[in-house]
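Shown next, in structure tokens, is the structure this report addresses.
A quick note: this is a predicted structure, and the numbers were derived from the prediction, not measured. Atoms considered below: every heavy atom in the structure, side chains included; atoms not considered: hydrogens, waters and symmetry mates.
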Amino acid sequence: MTIRHLKIFIAVVETGKMSTAAARCYISEPTVSQTIRELEKHYGVLLFERIAKKLYITEAGKNLFTYARMVVNQFDELEDNMLKGFSEKLRIGGTITVGSCIMPQLINQYRQIKPQVETFVYINNTKSIEEKLLKSELDIGIVEGKIKSHDLVAIPMINDYLVIVCSKNHRFSGCGNISVKDLEKECFVMREEGSGTRELFENYISRCGIRIKVNWEVTCPDTIKKAVIANNCLTAISARLIQEEAKKGLLYVIKSSEQSLDRCFSLVYYKNKFVNDNMKSLMHLLEQYKEKDILSEISTGTLVDI
């Protein structure tokens with residue numbers, strides 16, 4: 001079994017056809033078929049079911065595909081480093097909330113203690129970060145959403161929680177207690193599907209037995225805050241992202257009376273990945289971001305589950 005075997009196998013899985021895989025790899029279709037047979041013989045398993053001239057990947061095939069992508073990506077990285085000159089790299093993924101509130105400062109601190117390491121940062125929602133970690137396109141991720149794959153390790157690192165916010169002119173502004181039932185009457189600006197923030201809040205309101213009206217769907221936290229201020233909407237957002245606006249009186253904060261909207265930013269990496277010193281240094285820096293009470297000096301309302 002060679003790297004070439006794995007690359008051809010990956011092409012078959014991703015294209016779903018041996019003829020298309022052959023074209024991608026610039027080889028003949030019989031060569032692709034022979035390669036798959038050699039892999040099946042080597043591991044003693046069936047990788048594809050062949051039904052009515054169509055290929056259906058087996059569970060053994062899915063398992064090999066997970067490892068094959070990681071091995072091929074690491075091999076390609078090795079080739080790139082050794083042929084072009086070795087340089088240390090760390091590819092870091094961050095969700096949009098993490099990217100907005102801690103990532104710029106975190107990377108600046110990291111470069112000060114690891115100046116020899118070249119960093120690449122990718123910011124997107126939890127679902128996208130998870131997909132790139134599984135494909136070995138990122139080394140490590142920092143996410144606020146729930147990781148669904150059992151092939152990834154998720155270590156809670158930083159406490160966080162969601163709050164409901166409105167503008168200073170909203171009818172909720174200055175109120176002590178707000179019933180969760182009252183949220184049904186309001187317009188919301190929310191994050192996109194695949195966002196950990198949105199998933200947590202939607203699970204919460206579903207447990208409360210209510211539905212909300214989403215009038216805006218936005219990926220950028222700054223745009224969300226501006227929409228809330230200018231358009232009299234509500235949003236559910238990380239408490240870390242609205243501290244300045246809350247202190248200035250531009251936004252009024254409504255906190256949950258329980259811990260229903262509490263969460264953590266988690267460090268995530270592939271379960272079989274070697275955790276090197278560069279990754280450990282990032283973990284150590286994250287310890288500095290554990291704050292006990294983010295909005296301790298700000299007057300807030302309380303969301304009551306009635």
Side-chain angles (χ1 to χ4, degrees), residues 95-102 125-126 143-146 156 158-193 195-265 289-306:
T95 45
I96 293 172
T97 297
V98 172
S100 298
C101 64
I102 70 169
N125 59 39
T126 300
V143 306
E144 79 269 14
K146 184 178 180 181
I158 302 172
N159 293 328
D160 185 49
Y161 59 92
L162 298 186
V163 293
I164 309 296
V165 294
C166 63
S167 74
K168 62 182 180 181
N169 299 317
H170 194 277
R171 69 187 184 96
F172 287 167
S173 182
C175 293
N177 291 334
I178 296 96
S179 168
V180 67
K181 188 71 176 175
D182 289 334
L183 300 182
E184 286 188 309
K185 304 172 185 177
E186 301 300 321
C187 298
F188 273 79
V189 49
M190 293 295 297
R191 286 281 307 280
E192 77 289 353
E193 295 289 344
S195 155
T197 294
R198 180 162 180 166
E199 181 179 27
L200 176 60
F201 185 64
E202 287 186 339
N203 288 341
Y204 166 71
I205 61 173
S206 177
R207 290 194 304 271
C208 293
I210 69 166
R211 298 179 66 181
I212 61 168
K213 183 168 62 175
V214 179
N215 295 81
W216 293 60
E217 190 172 277
V218 182
T219 59
C220 174
D222 282 342
T223 302
I224 290 174
K225 290 185 284 187
K226 288 176 181 177
V228 169
I229 293 169
N231 295 274
N232 225 27
C233 303
L234 299 181
T235 194
I237 193 169
S238 167
R240 293 175 180 271
L241 292 176
I242 48 82
Q243 295 179 84
E244 291 303 315
E245 291 84 358
K247 287 178 181 178
K248 293 176 181 177
L250 297 174
L251 292 175
Y252 182 67
V253 179
I254 305 162
K255 298 170 65 174
S256 173
S257 59
E258 300 179 2
Q259 297 179 326
S260 306
L261 297 177
D262 288 6
R263 64 180 182 182
C264 288
F265 294 163
Y289 289 82
K290 291 184 177 180
E291 298 180 32
K292 293 182 179 179
D293 195 343
I294 305 163
L295 301 173
S296 57
E297 300 178 358
I298 297 172
S299 177
T300 66
T302 303
L303 188 64
V304 183
D305 299 347
I306 297 178

Mind listing the side-chain donor-acceptor pairs of residues 228-237 below 3.5 Å, one per line with the distance, residues two or more places apart or on another chain?
| unit_1 | atom_1 | unit_2 | atom_2 | d |
| --- | --- | --- | --- | --- |
| N231 | ND2 | A227 | O | 3.3 |
| N232 | OD1 | S167 | OG | 3.2 |
| T235 | OG1 | V189 | O | 2.6 |

Using a 4.5 Å cut-off on heavy atoms from C-beta on, say whether the side chain of [Y] contacts that of [X].
X    : Y    : value
S173 : N169 : no
E186 : C166 : no
L303 : Y204 : yes
I178 : I164 : no
R240 : E144 : no
N125 : T95  : no
V180 : I210 : yes
T97  : P221 : no

Nearest-0.5 Å distance that lies between atom [atom1] in [X] and atom [atom2] in [Y]:
X    : Y    : atom1 : atom2 : result
I158 : Y289 : CD1   : OH    : 8.0 Å
T219 : R191 : OG1   : CZ    : 7.0 Å
L241 : S100 : CG    : OG    : 5.5 Å
T126 : I96  : OG1   : CD1   : 9.0 Å
E245 : K226 : CD    : NZ    : 10.0 Å

Shortest non-hydrogen separation from [X] to [Y] and the atoms involved:
X    : Y    : answer
L183 : I212 : O-CG2, 4.2 Å
S238 : D160 : OG-OD1, 2.9 Å
L200 : S260 : CD1-O, 4.0 Å

Flag, side chain of [X] to backbone of [Y], donor-acceptor distance under 3.5 Å:
X    : Y    : value
Y252 : F172 : no
S206 : E202 : no
S179 : K181 : yes

Step-by-step side-chain contact (heavy atoms from CB on, under 4.5 Å) determination, K185 to R171: CA-CA 12 Å; K185 304 172 185 177; R171 69 187 184 96; 4.0 Å; yes
Steps toward side-chain contact (heavy atoms from CB on, under 4.5 Å) verdict (Y161, K255): CA-CA 9 Å; Y161 59 92; K255 298 170 65 174; 3.8 Å; yes
If only side-chain N and O atoms count, and only distance matters, is there a donor-acceptor pair under 3.5 Å linking T197 with R263? yes
Is it the case that over 12 heavy atoms from other parts of the model lie below 6.0 angstrom from the CZ atom of R211? no
Whether K146 and E199 form a salt bridge (side-chain N of Lys/Arg under 4.0 Å from carboxylate O of Asp/Glu) is what I want to check. no
The criterion is salt bridge (Lys or Arg N to Asp or Glu O under 4.0 Å); which residues satisfy it with E217, sequence neighbours excluded? R198
